[in-house]
2 protein chains.
Amino acid sequence: MARYPGLMLRVLASDHPAIGPGKAQLVALIDSTGSISAAAREMGMSYRRAWQLVEALNASFIEPVVMTAVGGKRGGGAVVTEFGRTLVAQFRAMEDKASAAIAADLEHLQRQMRKPPRSTRRK
Amino acid sequence: MARYPGLMLRVLASDHPAIGPGKAQLVALIDSTGSISAAAREMGMSYRRAWQLVEALNASFIEPVVMTAVGGKRGGGAVVTEFGRTLVAQFRAMEDKASAAIAADLEHLQRQMRKPPRSTRRK
DNA sequence: ACTCGTTATGTTCAATGGAATATAACGAAG
DNA sequence: CTTCGTTATATTCCATTGAACATAACGAGT
């Protein structure tokens with residue numbers, strides 16, 4: 001799910017996650033599809049879950065991120081606000097900057113990680 | 001739990017978290033207390049949970065992070081390896097760098113988040 | 001020997017989270 | 001007016017996770 005290999009970044013409001021890789025992708029898909037349910041389908045996520053994430057997003061910020069309207073067949077749907085669009089862009093920019101800032105350390109760390117189990121008993 | 005206000009960073013191995021704020025703090029506490037159980041107590045975490053995290057840490061890296069020895073009353077205990085110490089230091093450094101790199105954006109974003117619910121129904 | 005505090009596990013239970021399912025209300029299109 | 005695809009929500013079920021509890025083995029000190 002993380003866009004950057006080996007790195008996961010989340011922005012917190014007080015203590016709960018306000019936006020992270022998942023919500024960012026969801027908003028982007030809502031923007032491109034025009035509906036929560038279509039975005040949910042593309043992410044292999046239940047509609048309910050996606051809707052809850054949208055609700056959480058809207059509750060976390062002072063401006064709406066996604067505006068919704070009931071009714072189908074091009075009557076209803078979901079629209080990502082301009083605020084929401086810049087929100088995702090800002091988050092992506094933060095991912096970029098963070099990734100660039102720690103790229104060297106990350107590589108170094110990744111060279112030191114692997115799979116096989118090992119005994120760590122002393123003596 | 002996050003050391004940096006509004007920011008949470010995790011380093012992933014393939015897809016599972018190799019190290020994050022929680023494991024980093026745990027290792028630091030094991031280092032200062034000399035035991036997994038004492039560290040767990042200080043974090044308000046069950047011993048079993050802490051032990052599992054240590055196991056996961058040791059399994060994730062090519063070098064041991066924590067070495068253990070059974071037996072109490074200064075017979076047994078846990079020792080953070082030099083690798084483990086530098087691992088935590090590196091992670092903290094990555095948090096520092098990431099935090100510094102996105103500090104401005106983070107502040108800007110945080111100025112746009114708040115608590116009160118709001119209606120987002122269109123039309 | 002005994003005790004104490006530790007690592008190391010197993011087991012059981014509760015809480016959490018997500019999936020699945022079911023409706024309801026709705027709005028545009030036909 | 002019917003149909004279709006959507007938002008919105010309740011309910012039920014299941015899997016995962018962590019907490020709690022229990023127990024064993026152990027090693028150093030007393």
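Chain A is the first sequence line, chain B the second, and so forth, proteins listed ahead of strands; every chain is numbered from 1. Note: hydrogens, waters and symmetry copies are ignored here, and every other heavy atom, side chains too, is used.
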From CD of A:Q52 over to C1' of D:dT7, roughly how many Å is that when rounded to an integer?
14 Å

Over how many whole Å does the gap from A:M45 atom CE to C:dA20 atom P extend?
12 Å

Starting at CE of B:M94, measure out to CD of B:Q90 and round the result to the nearest 0.5 Å.
8.5 Å

Are any of the side-chain heavy atoms of B:K23 and B:F91 separated by less than 4.5 Å?
no

Under 4.0 angstrom between B:S37 side-chain N/O and C:dT6 OP1 or OP2:
yes

Could you run down the sub-3.5 Å N/O contacts of the protein with nucleotides 10-12 of chain D?
unit_1 : atom_1 : unit_2 : atom_2 : d
D:dA10 : N7     : A:R48  : NH1    : 2.9

So, does B:W51 get its side chain near the phosphate of C:dA8, meaning an N or O under 4.0 Å from OP1 or OP2?
yes

Between A:G71 and B:S35, whichever has its closest DNA chain C nucleotide further toward 5' is B:S35

Value in whole Å for how far the P atom of D:dT17 lies from CG of B:L53
12 Å

When the distance from NE2 of B:H16 to P of D:dT17 is rounded to whole Å, what number comes out?
13 Å

Atom CZ of B:R41 and atom C1' of D:dA20 are separated, to the nearest Å, by 16 Å

Distance in Å, B:I102 CD1 paired with B:L7 CG, rounded so as to fall on 0.5 Å steps:
4.5 Å

With side-chain contact (heavy atoms from CB on, under 4.5 Å) as the test, pick out the partner of A:L87 among A:V11, A:I19, A:V27.
A:I19

d(CZ, B:R49; C1', C:dG10) in whole Å
18 Å

C:dT6 phosphate, OP1 or OP2, under 4.0 Å from B:T68 side-chain N/O:
no

Any heavy-atom pair between the side chains of B:S32 and B:L29 that's under 4.5 Å?
yes

If you define the side chain from C-beta out and look only at heavy atoms, does anything of B:M113 sit under 4.5 Å from B:Q110?
yes

